Amino acid sequence: MAALLEAKGVSKIFGGLVAVDNVDMTVNKGDIFGIIGPNGAGKTTFFNICTGFYTPSQGAIYLEGQKISGLPCDQIAKKGIARTFQNIQLFKYMSVLDNVKIGFHINTRTNLFDAIVHSKTYKNDEKIIKEKGYAILEEVGLSKYADTMAGNLPYGVQRKVEIARALALEPKILLLDEPAAGMNPNETDSLMQFMLMLKEKGHTITVIEHDMKFVMNSCNHILVLNFGQKICEGTPDAVKNNEQVKEAYFGKGIIAARGTN
Amino acid sequence: MLKVENLVVNYGYISALRGISFEVKEGEIITLIGANGAGKTTTLVSVSNLIKKESGKVIFKSQDITQTPPHKIVKMGMCHVPEGRKIFPELTVYENMISGTFGNPALSKEKINQLIEKQFTLFPRLKERRNQAGGTLSGGEQQMLAIARGLMMDPDIIMLDEPSLGLAPIIVEEIFELILRIRENGKTILLIEQNASMSLSIADRGYVLENGVVTLTGTGKELLVNEEVKKAYLGA
Amino acid sequence: MMDKLKGFYVKNKIPVWVVLMVLLVTMPLYVSAGNMRIVCRIMLYIILAGGLNVISGYCGQLCFGIAGFYCVGSYVQAILMKTYNVSYWLALLPSGIVAALIGAVVALPALRMKGIFLGMITIGFSELMRLIALNWTPVTGGAMGFKGIMAPTFFGIKMGGASKYYYIFLFVVIAYMFCTNRVIKSRVGRAWMSIREDELAARSLGVDAKKYKILNFMYGSFWAGIAGAIFVAYSTYVDSTYFTLDEGFNVLGMLIIGGQGTLVGPIVGSFVAQVLTESLRFINVWRYVVYAALIILMMWVRPQGLIGASGSILAGSKAGKKKTKKAEKIVKSEGKEA
Amino acid sequence: MLSQYIISQVVNGLCQGFIYALIALGFAVIVGIVGLATFTHGEIIMIGAYASYYIFLACGHNLILGLLASFSASWIVGIIIYKLCYERFLEAPEHISLICTIGFSMLLKNLAQIVFGAEKKPMLNVIENQIYKFGPVEISKVQFVIMGTVIVLSTTMMIIFNKTKWGIALRSVSQNREAAALVGINVKQTSMIGNCIGCAMAGVAGMLIGIYYQSISPTMGATLSMKAFSAATLGGLTSVPLSSLGGVVLGLIENLGISISTASFRDVFSFGFLIIMLIFKPTGFVKRKGARP
Amino acid sequence: GSTSESGNSATETTAVVDGTSKGTIKLGLVAPLTGVHAEYGQGFQAATKIAADEINAAGGANGYQLEIEVKDSAADPKTSADIVTQFCEDKDIKAIIGDFTSSACMADAPIVDQYQTVLLSPTASNPDYAPMSEYCFSVMYNQSNMAPWVGKSVIGKYMGVKSVAVMYLNTDWGISTNEYLLKGLEEAGVEVLADETYEENETDFSSVIAKLKASNAEAVCILDQGNVPTIINQIKSSGWNPLLVTQGPGASQQLLNLCGENAEDLIITDSSYITEDNPATKDFYQKFYAINQCAPTDHSLCAYNTVQMLAKAIVSIGDGEVTRESIKDALKTTSYDGMAGTVQFDENGGGVRQFLILGVEDGKYVVKEDYGFE
Ligand SMILES: Nc1ncnc2c1ncn2[C@@H]1O[C@H](COP(=O)(O)OP(=O)(O)OP(=O)(O)O)[C@@H](O)[C@H]1O
Ligand SMILES: Nc1ncnc2c1ncn2[C@@H]1O[C@H](COP(=O)(O)OP(=O)(O)OP(=O)(O)O)[C@@H](O)[C@H]1O
Ligand SMILES: [Mg+2]
Ligand SMILES: [Mg+2]
């Protein structure tokens with residue numbers, strides 16, 4: 001399979017702190033690619049580099065063989081990377097539908113003059129947004145919340161809205177930062193089903209998560225970071241049995257064990 | 001120690017809590033479980049009096065604290081580690097921890113230094129980052145800081161709102177061990193967790209919240225084996 | 001009260017508009033010339049507050065310097081008309097465009113900063129514009145000002161005097177409302193609002209924040225420039241004292257009283273501010289003391305402005321103090337399912 | 001001769017810069033440390049100046065009494081401002097309290113014109129006009145007092161805000177009020193006292209400015225507060241010593257600019273400098289910390 | 001403080017004194033009672049009231065009682081123009097007095113031209129203002145006569161200095177005064193070593209003063225109004241002691257109060273000096289003080305003169321009908337001989353006044369040269 005997203009020797013340094021240290025990564029089309037690692041290992045920072053919020057101190061990121069690091073984040077979004085945030089960044093005072101509508105930004109063309117004269121472009125765009133917007137909400141199971149203000153929703157639902165909004169970009173790859181945080185096991189489970197469904201539909205997903213059950217059962221490939229460095233990479237089983245990972249991440253295993261049963 | 005009677009809280013038209021009652025005795029670990037939006041956070045927030053209550057009563061150390069301002073409640077020995085971290089982004093890690101001691105003026109300088117060292121051994125990450133601004137920490141580091149800040153005041157009762165949120169499994173383990181250790185020191189704990197199986201397994205008693213009302217109570221063990229609870233919160 | 005009015009409007013859209021238009025068009029017939037001038041002043045401030053509303057209300061960029069754009073528009077119109085003998089109508093658009101270009105220049109630093117720092121830049125810019133007008137004597141007339149800028153003729157009717165010039169103001173206000181209404185309901189408006197709500201998230205969704213902030217400043221300052229341009233020919237005289245910082249604060253005050261981020265906010269704000277200051281004349285020097293007290297009182301009663309929605313990022317109350325019954329049901333039913 | 005001229009312009013710039021710094025101090029405390037938006041600063045300066053004026057009129061030129069009067073008058077106004085413009089809007093977006101303070105400043109200004117009279121009042125020879133010479137540098141006694149005040153106040157403030165527990169409490173209040181309440185800080189009281197400290201500093205500044213310029217008027221604060229606002233912004237708002245540095249730099253830039261052109265370009269230099277500076281360093285002299293995606 | 005009498009009403013009516021009254025004539029006064037220029041606007045209000053009361057008490061102007069309606073323009077030209085329109089719309093108002101700033105007056109000019117109503121400003125000083133319409137008048141002297149005289153006769157001849165440094169306000173008034181002053185200085189052969197301008201809201205003049213000081217001029221000429229005391233104080237406290245001459249602020253008690261000892265030896269030109277110990281102005285001073293609790297300035301005196309001149313114009317209409325038009329025609333030729341010399345208008349409606357050269361000695365004004373010094 002072709003490499004969709006590639007990182008080559010990426011590092012990020014804050015002052016004296018090496019947050020990401022010479023990391024290589026290859027995400028193939030159709031993957032659900034997991035990134036795990038202890039707190040402060042540099043996972044979110046790595047995402048921020050992939051999506052253009054940070055420029056790497058060293059190395060580069062490639063999307064379909066094209067170098068994207070150094071581009072501003074909105075350009076990268078246009079190239080086809082959509083993301084969610086670790087600490088939810090919804091438009092809290094807007095309705096769920098409006099949140100999704102803004103997600104269509106890159107897929108529509110209306111400019112100031114189109115808007116003023118209600119040109120053909122404008123009408124087309126509004127039609128697309130309306131139809132597809134509802135379709136996405138339907139798909140994610142949020143249609144009953146369409147008119148609710150996003151900030152008032154429970155934590156777990158907000159996470160879903162963020163995913164729906166990212167889907168509106170029709171991205172080539174979706175980066176999810178701890179999507180299951182704050183969800184109970186049942187909800188985590190349904191999120192997992194949802195992700196697998198997306199995968200079925202041909203989406204490529206990269207996900208950061210601390211819930212091992214979630215990661216082990218959904219990802220087909222896992223990258224483990226510690227102190228910014230890659231300490232291990234491979235299939236869930238390979239990672240699970242890696243001593244270094246056990247020591248740094250799983251601890252005595254009470255929780256990691258849950259991943260297997 | 002803490003007694004909540006018939007608590008009702010509304011957000012505008014929405015009723016988040018519709019008459020919740022529960023009790024926390026000294027030295028107990030109590031856990032509240034429930035789905036997203038069941039009202040767990042709202043319960044803690046209204047106990048700390050951060051939002052307006054419609055009706056109901058909160059009694060702490062046999063004093064009515066229903067209308068007591070939050071900072072006074074804290075000074076009575078109640079610590080609340082809020083959902084979503086809420087650390088001070090522009091203060092350094094060290095200053096954030098110092099700010100935790102405001103709730104307990106009785107602490108001496110030595111005691112404070114001791115406490116700081118204690119948190120640092122608990123979360124070595126924080127020690128490495130002690131002069132970094134709180135806002136630039138990673139998500140999990142912020143969560144550690146929030147817990148450490150809460151522990152700095154050396155409270156009598158500590159209310160933890162999803163303390164394991166965003167933490168690596170190894171740290172989650174430590175947190176749970178820590179909770180047990182805190183209890184051994186004679187403190188009381190009110191815990192909210194998504195990971196119901198873990199929290200119930202260490203809890204003395206648990207309350208199940210559903211849509212703003214308590215639907216089930218029992219000891220941790222009882223709830224762990226309860227079919228309904230199993231189905232709804234523990235994951236099949 | 002607000003809801004009832006809205007309900008009435010929704011039911012009787014067409015009659016309401018017809019009555020409103022007739023009242024507006026025939027205004028000079030039943031309002032005295034002296035009061036027509038106050039009406040014109042209200043309209044001037046509607047356009048200014050409207051321009052500011054686009055910048056600070058819809059895009060969330062703190063701007064104290066709207067008077068600077070107003071100044072640019074005025075002077076460009078005056079210079080074109082007096083120095084280059086361009087006709088009134090032909091000069092209008094360039095005045096707006098020059099103001100918009102200056103707006104783009106101001107937006108450049110705005111790309112990198114927020115809040116009070118941005119506010120400070122706009123204050124500095126506004127003062128710079130005024131100082132240029134004051135000191136660039138050969139072009140702007142300096143402290144001596146610009147005089148004798150004539151109102152235009154329109155199909156042989158000289159538009160001088162408030163009662164006639166009113167129609168020009170009215171036309172521009174309607175044009176502003178029409179365009180802005182369409183823009184904010186489009187992709188462009190949504191992009192602006194997404195920047196206001198959460199710039200980071202907006203950028204992650206591919207909204208080119210730079211481009212849209214520049215566009216936003218240009219659009220807002222364009223209208224402020226147009227306001228300046230039509231104002232000079234109305235006043236016939238202009239000098240730098242018209243464009244003090246206080247003017248900028250006044251406009252911002254009106255906007256906030258009316259309600260930021262709403263289409264009618266500027267109208268209500270400007271109307272209330274002018275009518276209040278005029279009707280308080282009877283208390284003499286106490287006028288502004290009482291007016292100021294009323295402003296504070298108003299913020300206490302309705303911090304989101306007279307028209308503003310309470311569930312908005314600009315409102316000050318936490319999300320969802322007020323919500324539709326429908327939303328409530330949804331949340332409740334969700335709770336049961338879980 | 002030329003160098004003498006340059007030296008005297010530099011000294012003038014420094015002195016004026018210290019005046020700006022004096023006002024910027026209080027402003028930085030209110031806006032930067034307590035985290036409240038204000039446009040009433042100029043009027044508090046005026047209140048401080050009038051309070052000391054009436055004391056000087058009644059009790060003779062007693063600096064200590066004047067100081068007490070301006071300090072307490074502006075402290076009280078600080079309380080009123082807090083109650084009217086901030087307390088209710090602590091959770092609300094900034095622009096709301098901003099408008100309240102704009103309203104309150106309008107109220108104070110107009111009220112002062114009615115109560116004190118709209119005309120200028122003389123404040124002559126409170127500190128005798130004595131000039132000290134250090135080689136080519138000439139500095140008057142008042143200027144010494146002002147410089148001393150700025151230096152003493154900014155160091156004290158720096159120590160209070162950075163080294164004491166109360167300082168940490170004050171800063172945490174401005175960053176997250178809910179969390180501050182949860183660690184046991186009395187949010188309302190703390191921010192009120194912070195606001196009052198800022199106001200009192202402005203009041204004292206008002207007295208010194210009155211003494212320095214030898215006259216006071218109800219509208220004296222407007223221009224000065226804009227400059228203090230710029231100075232504090234240059235200083236990055238959150239740091240008291242850097243804000244006073246911002247004031248001094250601003251004064252220097254202005255006066256050096258004037259010495260090569262004319263005084264009517266004063267604001268062109270200061271605002272021009274501010275804009276250029278902010279374009280290159282969007283948060284002033286300090287680096288804003290604590291934010292990341 | 002504000003006028004205690006004005007109380008809650010903007011209109012000040014004076015009771016009719018005797019039966020011979022032919023009725024009342026209403027005058028409008030537009031002035032900045034609030035805002036940055038409130039000091040002057042409130043001065044206008046008090047001074048016009050004093051004048052009207054005096055005239056009415058003496059039987060009125062040609063038997064007509066004068067009534068003044070005051071409206072606040074808040075120092076905003078737009079508002080000023082709106083108020084002037086309201087006055088013009090009110091058929092009872094026969095003439096308008098005001099506004100304070102030239103900006104406001106110039107915004108008002110087209111309106112009074114359209115409505116053919118006299119606008120008599122006490123203080124408008126922009127040389128372009130009065131020529132804008134035949135209905136526009138100003139009692140503030142015209143710089144083209146005055147400033148060259150200051151340069152040539154006062155600085156050149158009376159003071160006899162060889163070099164001078166000039167600082168002037170960057171407003172219409174300051175710029176035109178400076179221009180004419182330089183002409184006068186040139187004629188007198190006085191060398192101008194520095195010519196500096198500054199903004200109206202300036203507070204710190206030290207850098208301008210340093211520049212003047214570096215020029216080593218014998219004398220400093222200050223062309224300003226409100227800032228003069230501050231400038232004088234700052235010159236003195238910088239340890240410099242040049243000859244000082246000023247034009248613009250008017251010789252008021254306020255100036256002396258604000259400068260204290262620093263005013264000593266100051267040379268100032270004005271058509272009179274308004275202090276309590278000047279017999280000519282004592283009465284006015286006291287009345288003004290009773291209303292405003294502060295000393296009147298030259299601006300207030302000008303406002304007083306506007307009412308007196310309108311009254312004289314009305315008197316000169318005689319048995320003719322008092323209309324807006326007849327007031328304008330009469331005003332053109334009116335000349336008023338008051339406590340501050342003779343005031344009349346030039347062909348454009350600009351003010352022509354006579355001037356004294358005054359000095360300050362022991363904290364008091366002393367007439368150095370009488371009217372007509374050339
Ligand atoms: N802007 C910054 N300035 C300084 N240090 C930073 C900055 N951003 C991140 N860091 C540091 O870099 C490290 C990596 O942070 P990152 O957020 O990538 O961790 P993470 O792997 O996502 O952890 P978590 O699982 O807790 O979210 C952390 O130790 C953090 O303190
Ligand atoms: N500020 C608010 N405005 C309106 N509704 C709110 C607000 N905060 C919470 N709610 C609603 O109140 C209900 C209870 O919320 P609460 O946060 O207490 O739930 P929770 O049990 O803590 O959920 P989670 O597990 O997601 O944290 C939810 O339906 C939520 O949507
Ligand atoms: Mg992370
Ligand atoms: Mg919760």
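What you see is a predicted model, and the numbers here were worked out from it, not measured in a lab. Numbered from 1 within each chain, the chains take letters A, B, ... in sequence-line order.
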Examine whether an atom of D/Thr219 lies under 4.5 Å from a heavy atom of chain E, and if so say whether it belongs to the side chain, the backbone or both; otherwise answer neither. side chain

E/Thr297 versus chain D, the contacting section by heavy-atom distance below 4.5 Å: neither

For E/Asp204 and D/Arg266, run salt bridge (charged side-chain N to carboxylate O under 4.0 Å, His left out): C-alpha distance rounded to whole Å, both residues' side-chain angles, the deciding distance at 0.1 Å, then the answer. CA-CA 10 Å; E/Asp204 194 316; D/Arg266 176 188 290 279; 5.1 Å; no

What parts of residues 245-258 of chain D touch chain E if we use heavy atoms and a cut-off under 4.5 Å? D/Asn255, D/Ile258

Expected output: side-chain E/Asp99 to main-chain E/Ser80 donor-acceptor under 3.5 Å: no

Interface moiety of D/Glu138 toward chain E, non-hydrogen atoms closer than 4.5 Å: side chain

Is the count of non-hydrogen atoms from other residues, nucleotides or ligands lying under 6.0 Å from E/Glu261 atom CD greater than 12? no

Between E/Ser300 (side chain) and E/Pro296 (backbone), is there a donor-acceptor pair under 3.5 Å? no

Using a cut-off of under 4.5 Å on heavy-atom pairs, state which of D/Met123, D/Gln130, D/Lys109, D/Lys120 scores highest against chain E. D/Lys120

Interatomic spacing from OH in E/Tyr198 to OG1 in E/Thr203 - rounded to 0.5 Å: 12.0 Å

Audit row: D/Thr262, D/Ser264, side chain to side chain donor-acceptor pair (under 3.5 Å) steps and yes/no: CA-CA 6 Å; D/Thr262 83; D/Ser264 54; 3.0 Å; yes

If you count heavy-atom pairs under 4.5 Å with chain D, which of E/Ala38, E/Ser237, E/Gly260 comes out on top? E/Ser237

Contact leader toward chain E among D/Ile209, D/Thr223, D/Asn125, where contacts are heavy-atom pairs under 4.5 Å: D/Thr223

Interface moiety of E/Asn170 toward chain D, non-hydrogen atoms closer than 4.5 Å: side chain

When you measure from the side chain of E/Thr281 to the backbone of E/Thr275, do you find a donor-acceptor pair of N or O atoms at a distance under 3.5 Å? yes

Sort D/Tyr212 into side chain, backbone, both or neither according to what part of it lies under 4.5 angstrom from a heavy atom of chain E. side chain

Kindly say whether E/Asn262 contributes a backbone atom to a donor-acceptor pair with the side chain of E/Lys236 at under 3.5 angstrom? yes

Checking E/Ser73 side chain against E/Thr79 main chain: does a donor-acceptor pair fall under 3.5 Å? no

Taking E/Ser163 for its side chain and E/Glu218 for its backbone only, find out whether a donor-acceptor pair lies under 3.5 Å. yes

Please find out if less than 6.0 Å separates the ring center of E/His299 from that of E/Phe44. no

Distance col, row D/Leu274:CG vs D/Phe269:CZ, nearest 0.5 angstrom, shows 15.0 Å

Heavy-atom pairs under 4.5 Å with chain D, option from E/Cys259, E/Gly239, E/Ala295 with the top count: E/Cys259

Only heavy atoms, only distances under 4.5 angstrom. Which residues in residues 40-56 of chain D are near chain E? none

Is E/Glu200 close to chain D through its backbone or its side chain, or both, or neither, when contacts mean heavy atoms under 4.5 Å? neither

Between E/Thr123 (side chain only) and E/Phe100 (backbone N and O only), is there a donor and an acceptor less than 3.5 Å apart? yes

Let's test your reading of the structure: which of E/Asn257, E/Thr34, E/Asn201, E/Thr197 forms the most heavy-atom pairs below 4.5 Å with chain D? E/Thr197

Rounded at 0.5 Å granularity, tell me how far CG in E/Asp270 sits from CG in E/Leu301. 7.5 Å

Do any N or O atoms from the side chain of D/Gln143 and from the backbone of D/Ser140 form a donor-acceptor pair under 3.5 angstrom? yes

